[in-house]
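Inspection log for the structure reproduced underneath, given as structure tokens.
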Amino acid sequence: MKAPLPRSFYTHHTVRVARALLGKILVHEGTSGRIVETEAYLGIDDGAAHSAHGLTERTRVIFGPPGHAYVYLIYGMYDCLNLVAEPDGVAGCVLIRALEPMDGLDQMRWRRPRVTRVEDLANGPGKLTRALGITLGHNGIDVTRGPITVHPAEKSAAFEIAVSHRIGITKSADLPLRFFIKGNRCVSVNVK
DNA sequence: AGTTCGATCGCCT
DNA sequence: GGCGATCGAACTG
């Protein structure tokens, strides 16, 4: 396993970070997966972003230093993982939407017992946090240190990046801010 | 203090 | 393809 991505990886425009995260490896306590789908949530001119209404207790992490985890509860029951981008003081984060499971398949199956196909273990933002054991308790942690970390791929594999509008939002719905590995079987939904 | 509604998922038809 | 679960943040008054 290579060293975690350094903070400088995250200190860029959110779109650049969202694209660069594709193909990287997300790790938590013996479970891991290849990131195959992301969405960018911008600090300005993005009504869908939680940071759109400014700095609050909830959005504090998004405005903070890059390379940290923003985890929030959606629909009262699912946890969603974001990685904070942009310099300290500037809002912007990347929602991790889908993983291709790699290590710790037994643990993932234990946490998601009704799933039969490997590609269904982590092909959604709520599914991947459940599969890897990521919860609200991880909000604000530094992913350059752990226990959640992100690593370069062991060997570089060529892939094509596809772009679409983001999934499940109503505000700023047409912005092309969803990025995924074209043709990957673990992408959450087929939307173009 | 009450209401609305969401960056989802899985079960039902 | 439709819908219920489940709860907290943000907004209304």
Side-chain angles (χ1 to χ4, degrees), chain A residues 10 13-19 21-22 26 31 33 35-64 66 68-86 90-101 108-141 143 148 150 162-181 185-192:
Chain A
Y10 303 94
H13 189 272
T14 308
V15 168
R16 173 173 165 180
V17 177
R19 298 179 68 105
L21 278 168
L22 293 175
L26 180 69
T31 57
I35 298 172
V36 299
E37 180 180 348
T38 62
E39 282 178 357
Y41 286 88
L42 310 181
I44 54 171
D45 296 330
D46 184 359
H50 291 170
S51 54
H53 301 293
L55 178 60
T56 65
E57 178 54 31
R58 182 198 199 192
T59 61
R60 177 177 50 82
V61 177
I62 308 173
F63 285 85
H68 287 251
Y70 167 55
V71 187
Y72 71 96
L73 181 69
I74 184 67
Y75 293 107
M77 48 187 115
Y78 299 105
D79 302 313
C80 290
L81 170 68
N82 296 255
L83 301 177
V84 176
E86 309 278 355
V90 180
C93 63
V94 177
L95 173 68
I96 309 301
R97 278 198 61 90
L99 302 177
E100 186 179 312
M108 294 191 204
R109 290 189 185 283
W110 170 258
R111 292 187 178 119
R112 290 176 48 72
R114 279 173 284 196
V115 173
T116 53
R117 295 152 46 198
V118 175
E119 54 266 41
D120 291 329
L121 283 170
N123 60 344
K127 299 178 188 179
L128 72 90
T129 54
R130 184 71 51 89
L132 268 63
I134 295 169
T135 67
L136 289 180
H138 294 105
N139 187 43
I141 71 155
V143 300
I148 299 167
V150 189
V163 183
S164 82
H165 64 82
R166 294 171 292 182
I167 305 301
I169 59 169
T170 54
K171 301 168 194 161
S172 304
D174 294 330
L175 299 179
L177 295 176
R178 172 177 177 249
F179 309 95
F180 56 100
I181 294 181
R185 71 190 201 288
C186 296
V187 165
S188 66
V189 283
N190 283 314
V191 174
K192 250 304 196 177

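What's counted below: heavy atoms across the whole structure, side chains too, no hydrogens, waters or symmetry copies. Chain identifiers are assigned alphabetically (A, B, ...) following the order of the sequence lines, protein sequences preceding nucleic acid strands; residue numbering begins at 1 within each chain.
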| request: Could you pull out all residues at least two apart from Arg109(A) that satisfy salt bridge (charged side-chain N to carboxylate O under 4.0 Å, His left out)? | output: none
| said: Once rounded to the nearest 0.5 Å, what's the spacing between atom CD1 of Ile148(A) and atom NE2 of His138(A)? | reply: 4.5 Å
| request: Mind jotting down which residue pairs meet the salt bridge (charged side-chain N to carboxylate O under 4.0 Å, His left out) criterion with at least one end in residues 42-55 of chain A? Sequence neighbours excluded, please. | output: Asp46(A)-Arg166(A)
| message | Can you list everything that forms a side-chain contact (heavy atoms from CB on, under 4.5 Å) with Ala98(A)? Sequence neighbours excluded, please. | response | Val36(A), Glu37(A)
| field | dG8(C) versus dG10(B) - spacing of their C1' atoms, nearest Å | value | 22 Å
| note | DNA chain B: first to last nucleotide in contact with chain A (atom under 4.0 angstrom from a heavy atom), 5' to 3', is dG6(B) to dC11(B)
| Would you find more than 12 non-hydrogen atoms of other residues, nucleotides or ligands less than 6.0 Å from Arg185(A) atom CZ? | yes
| Considering only the P atoms, how many Å lie between dA7(B) and dG1(C), rounded to the nearest integer? | 22 Å
| query | For Leu95(A), which contact category applies under a 4.0 Å heavy-atom criterion: base, sugar-phosphate, or nothing? | reply | base
| field | Test side-chain contact (heavy atoms from CB on, under 4.5 Å) applied to Glu86(A) - qualifying residues, sequence neighbours left out | value | His13(A), Thr14(A), Val90(A)
| said: Only Watson-Crick and G-U wobble pairs with both distances less than 3.5 Å should count. Give DNA chain C in dot-bracket notation, marking inter-strand partners with |. | reply: |||||.||||||.
| request: Quick one: do Ser51(A) and Tyr41(A) satisfy side chain to side chain contact (heavy atoms under 4.5 Å, CB included)? Show the steps, please. | output: CA-CA 8 Å; Ser51(A) 54; Tyr41(A) 286 88; over 6 Å; no
| said: Rounded at 0.5 Å granularity, tell me how far CG in Asp79(A) sits from CG in Leu73(A). | reply: 6.0 Å
| field | First encountered from the 5' end of DNA chain B, between Asn123(A) and Lys171(A) | value | Lys171(A)
Pairwise N/O distances under 3.5 Å, protein to nucleotides 2-8 of chain C:
| residue | atom | partner | partner atom | Å |
| --- | --- | --- | --- | --- |
| dT6(C) | O2 | Tyr75(A) | O | 2.4 |

| Which residues pass the side chain to side chain donor-acceptor pair (under 3.5 Å) test with Thr59(A), sequence neighbours left out? | Thr56(A)
| field | Residues forming a side-chain contact (heavy atoms from CB on, under 4.5 Å) with Arg19(A), sequence neighbours excluded | value | Val15(A), Ile161(A), Val163(A), Phe179(A)
| query | Which parts of residues 48-62 of chain A get close to DNA chain C, meaning a heavy atom less than 4.0 angstrom away? | reply | His53(A), Thr56(A), Arg58(A)
| task | With sequence neighbours left out, write down each residue that passes side-chain contact (heavy atoms from CB on, under 4.5 Å) with Ala69(A), or none if nothing qualifies. | result | Val71(A), Leu81(A), Ile141(A), Val143(A)
| task | Looking at every strand, decide which applies to Arg112(A) at a 4.0 Å heavy-atom threshold: base, sugar-phosphate, or nothing. | result | sugar-phosphate
| query | With sequence neighbours left out, which residue pairs that include part of residues 123-137 of chain A fulfil the side chain to side chain donor-acceptor pair (under 3.5 Å) condition? | reply | Asp120(A)-Asn123(A), Asn123(A)-Lys127(A)
| task | Please round to the nearest 0.5 Å and tell me the distance separating atom SG of Cys80(A) and atom CG of Leu136(A). | result | 10.0 Å
